[in-house]
Amino acid sequence: MEDKDRKRMIQELEGSDRILGRKMALMVSIVAIALAMFHLYVAGFGLPGIGSRTFLILHLILGIVLVFLVFPIKKGMNQKTIPWYDLLLAVISFGMGVYLIRRQTAEAILSARPTEIDLIIGALFIVIVIEATRRVVGWPLVIIAGVFVTYFFLGEFMPGQFYHNRGDFSRFIYEIVYRSNGIFGTPIYASAQFVFIFILFGAILESTGAGKMFIDLAIRGFGKFKGGPAKASVVASGMMGSISGSSTANAVTTGTFTIPLMKKVGFPPHVAGGVEVAASSSGQFLPPVMGAAAFIMVEFTGIPYYEIIKSAFIPALLAYVGILFMVHFEASKRNISGMERSEMSSARKLLLRQGYMLVPILILLYYLVIERASVNASAFYTIIAMIVIALFTYRFKERLGRTILYAAILLAITFSMQYLIGYVNQGLEGLNAIFGTRVFNTETIRWRDSIFTMVLGGVVVALLFGLFQRSMKQEKVTSEYGFKELFEGFDTASRNALSIIVACATAGILIGVITTSGLSTKFTRIVIDFSDTIEGWLPNFMITDNTQIYIALVLTVFACLLLGLGLPTTATYVVLAAVIAPVLTDLGLPVIVAHLFVLYYGVLADDTPPINLPAYATAGIANAGPIRTGVQGFKYDSAALLLPFMFAINPTILLITDATAFEMTWAVITAAIGMATFASFIQNYMFTNYNVMERVAAAATALLFIQSDFLTDGIAVGLFILIVLFQLYKRRKEKRMPETA
């Protein structure tokens, strides 16, 4: 499948089947590229003489304008142009943004006495946000928002704990639009400040062709093993899924290559599609980027980014261990072998061809983990280095002398900018007098000395790889990367970010309702009362010190899966972090545990039938039914279904306790054994098919590992050893039977 076809498939799955002519497409691309470059500038140099709220308004408004230019009013219209009403909506949206920027310091707004015009514009703005969300994300989040807004206005008719008498129209508009606990609250701040820049990083990385390199490397590393292409798909999708803001885009990008290979070695189409669904979705839980949810978690929890990815690392790896066990048992059941060595690319040639694109990832990890630099600065420096490496490597190989001259000019410019930037700003400031404006100031354009270091490092890496490739004297060792591909990366980033931008804005409405109505202080009591009621129905032998938290966690799982149906993972997390996570923290769970718990099940909701876009994507590639593919995807992800319960009850594997090295190792080993056993229970197979008693024993073993104390772990390990020994005995017996016959 060509890149153009993949992009069109992703757009159609995410709701945009509008195919524009050249002029219209150019106009839309200009808006998208401008949005991306604006965020790149802010990440590197800070706000250009504007306040933080103005930045949020521009982020949201430009996103909404792009939504109306890209997404039709409904799917299936196959429009060749942008209709007049969408152009009008785009203009109205931009006008509302200008109004909100101008009114943010007005006395009426600051004194909480909005005028009638303020209220009318605010109400229309909420409608615009919800309509943009409907077009991009779909009806589920819109319906949820509608329920919350209805609750706000009908609170005085609600029974018991749900009662409130704050349903005033002017108060609602003021809190949701003009204050910082509504649309312009924490979710949209995280989207603008952190999420977009990493979506841009992922889009530019993908535009360099690094995604294909990840896939080829994974196939080279795992293709020879039993069910090799499926295991390679899991690894490659994990690598791409971590840096991608969209599980659907990840499923299409990697599935295009891996699904045909899985089918070729013997996996049925719906199984091949299901493996890709599970692997692509779970990448949103994998550090260092975690599908951008990690950065929103920083805002919600106040926990430093480094601590979040440190806590998420082991559970994320264990989740992928669970999927790999599912794949292994599936391949064993179907007797599917690996790939021939001749079918796989040479790892040496792969690294020579595009190994230079691993360098930006190492730079990112260095800044985030070792330097502990800010998220924005880390992403900005990485993007600068990545662009330089991608632009120069091919040119050093093909045209060494001329490219050295270009590189020297670029280095001279970046080095001298630290001395010239003051004069540039003075010149811009002089334009204020000429045009009678106050647009420019002495810090309109800023500079960072580290940019020169990144450019120099990028040139050196590109030169080394270019020289290596010249010495190999191979044709097409690497592909040419130019400004066309770079701007396509900018364009793709803005389009990929739209679902997160509008979903975060709508999630802000939910948070505003919860806060303004007082529901945030009552919701925990509601859950506790419900848990107590259920606990009262249980027999005494089932009640322990952790029974109430178990019940609350089970209720949370259902809430996560329900709220997450049909939503992008990041949007799902925003909703769950606002509604569910505070309940878990009030019940005694550490903040990081509560948020990772809801994030994991939010990720799982992304491939829960019947509304799971990644399954529709992979089903189209595999020529299988989307529902059947989605069920398989959920099945493969469910190997780690119990993992969040394990770290909720015993957070040792989150690296937030004072556990010894032995306790840590033991916790990881027992968690891995528990997931392997649970995977065998789901697949009804370990070394051979289970009978009923073996399957029940496997389920009991996995459940015992959740409690994670010496007694239950000892019993679980004993049961696991018995299951393994009996399975090996059965398999040996089955092999002897044909010989005897």
Side-chain angles (χ1 to χ4, degrees), residues 1-10 199 201-224 228-264 272 275-276 279-280 283 286 289 339 342-362 386-387 389-391 393-394 397 461-462 465 468-469 472 474-482 484-486 488-489 491-493 496 614 617-618 620-622:
M1 186 183 292
E2 297 292 331
D3 283 345
K4 190 178 293 184
D5 296 329
R6 281 201 297 271
K7 289 179 180 178
R8 182 173 298 175
M9 182 179 184
I10 294 168
I199 292 177
F201 166 75
I204 295 177
L205 184 66
E206 188 178 335
S207 72
T208 65
K212 180 64 166 60
M213 181 195 65
F214 290 153
I215 295 167
D216 289 339
L217 283 175
I219 290 172
R220 179 61 181 162
F222 293 86
K224 63 184 177 182
K231 292 174 180 176
S233 170
V234 173
V235 175
S237 296
M239 290 189 290
M240 282 301 296
S242 174
I243 61 175
S244 170
S246 168
S247 55
T248 304
N250 185 23
V252 173
T253 302
T254 54
T256 302
F257 300 100
T258 58
I259 289 174
L261 289 176
M262 285 188 269
K263 291 171 65 178
K264 183 179 178 180
V275 171
E276 185 59 53
S280 297
L286 184 66
V289 181
M339 298 171 62
S342 59
E343 298 178 278
M344 298 181 287
S345 302
S346 163
R348 177 171 166 271
K349 290 181 179 179
L350 284 172
L351 291 174
L352 182 64
R353 184 183 303 130
Q354 281 186 300
Y356 57 88
M357 292 320 301
L358 294 174
V359 175
I361 298 175
L362 298 177
M386 178 166 55
I387 292 173
I389 293 170
L391 286 173
T393 301
Y394 175 85
K397 173 185 174 290
V461 170
F465 270 91
F468 285 147
Q469 292 171 3
M472 295 300 295
Q474 293 182 3
E475 294 294 326
K476 297 182 179 178
V477 177
T478 186
S479 56
E480 184 170 5
Y481 185 85
K484 177 178 178 290
E485 289 77 15
L486 175 60
E488 284 178 354
D491 189 310
T492 300
N496 289 348
T618 60
I621 299 170

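Quick note: residue numbers are just sequence positions, from 1.
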Open item on the list: If you define the side chain from C-beta out and look only at heavy atoms, does anything of Val275 sit under 4.5 Å from Met262?
Closed with: yes

Open item on the list: Which heavy atom of Pro260 sits nearest to which heavy atom of Gly255, and what is that distance?
Closed with: CD-O, 3.6 Å

Task: Point-to-point distance, once rounded to the nearest 0.5 Å, from CG of Leu486 to CG of Asp491 - done: 11.5 Å

Task: Rounded distance [0.5 Å steps], CD1 in Ile361 versus CE in Met386 - done: 8.5 Å

- [ ] Would you mind reporting whether Leu351 and Leu358 have side-chain heavy atoms less than 4.5 Å apart?
- [x] yes

TODO: For the residue pair Gln469 and Thr393, establish whether any side-chain heavy-atom pair is separated by less than 4.5 Å.
DONE: yes

Task: Rounded distance [0.5 Å steps], CD1 in Ile199 versus CG in Asn496 - done: 7.0 Å

Open item on the list: Is any side-chain heavy atom of Thr253 closer than 4.5 Å to one of Phe214?
Closed with: no

TODO: Kindly give the heavy-atom pair with the smallest separation between Ile204 and Tyr481, and that separation in Å.
DONE: CG2-OH, 3.9 Å

Task: Distance, nearest 0.5 Å, that separates CE of Met339 from CG of Leu261 - done: 5.0 Å

- [ ] Measure across Thr618 and Ala251 and return the closest heavy-atom pair with its distance rounded to 0.1 Å.
- [x] CG2-CB, 3.8 Å

Task: Name of the residue among Val235, Leu286, Thr254 meeting side chain to side chain contact (heavy atoms under 4.5 Å, CB included) with Met240 - done: Thr254

TODO: Scan for salt bridge (Lys or Arg N to Asp or Glu O under 4.0 Å) pairs involving residues 251-264, sequence neighbours excluded, and state none if there are none.
DONE: Lys264-Glu343

Task: Atom pair OG1/CD of Thr492 and Glu206 - distance to nearest 0.5 Å - done: 7.5 Å

Open item on the list: Quick one about Ser207 and Glu488 (side-chain donor to acceptor, distance below 3.5 Å, no hydrogens or angles considered), yes or no?
Closed with: no

- [ ] Answer yes or no: is there a donor N or O on one side and an acceptor on the other, between the side chain of Ser233 and the main chain of Pro229, under 3.5 Å?
- [x] no

Open item on the list: With a 4.5 Å cut-off on side-chain heavy atoms, are Leu205 and Met357 touching?
Closed with: yes

TODO: Supply the atom-to-atom distance Met213 CE to Ile215 CD1, rounded to the nearest 0.5 angstrom.
DONE: 10.5 Å

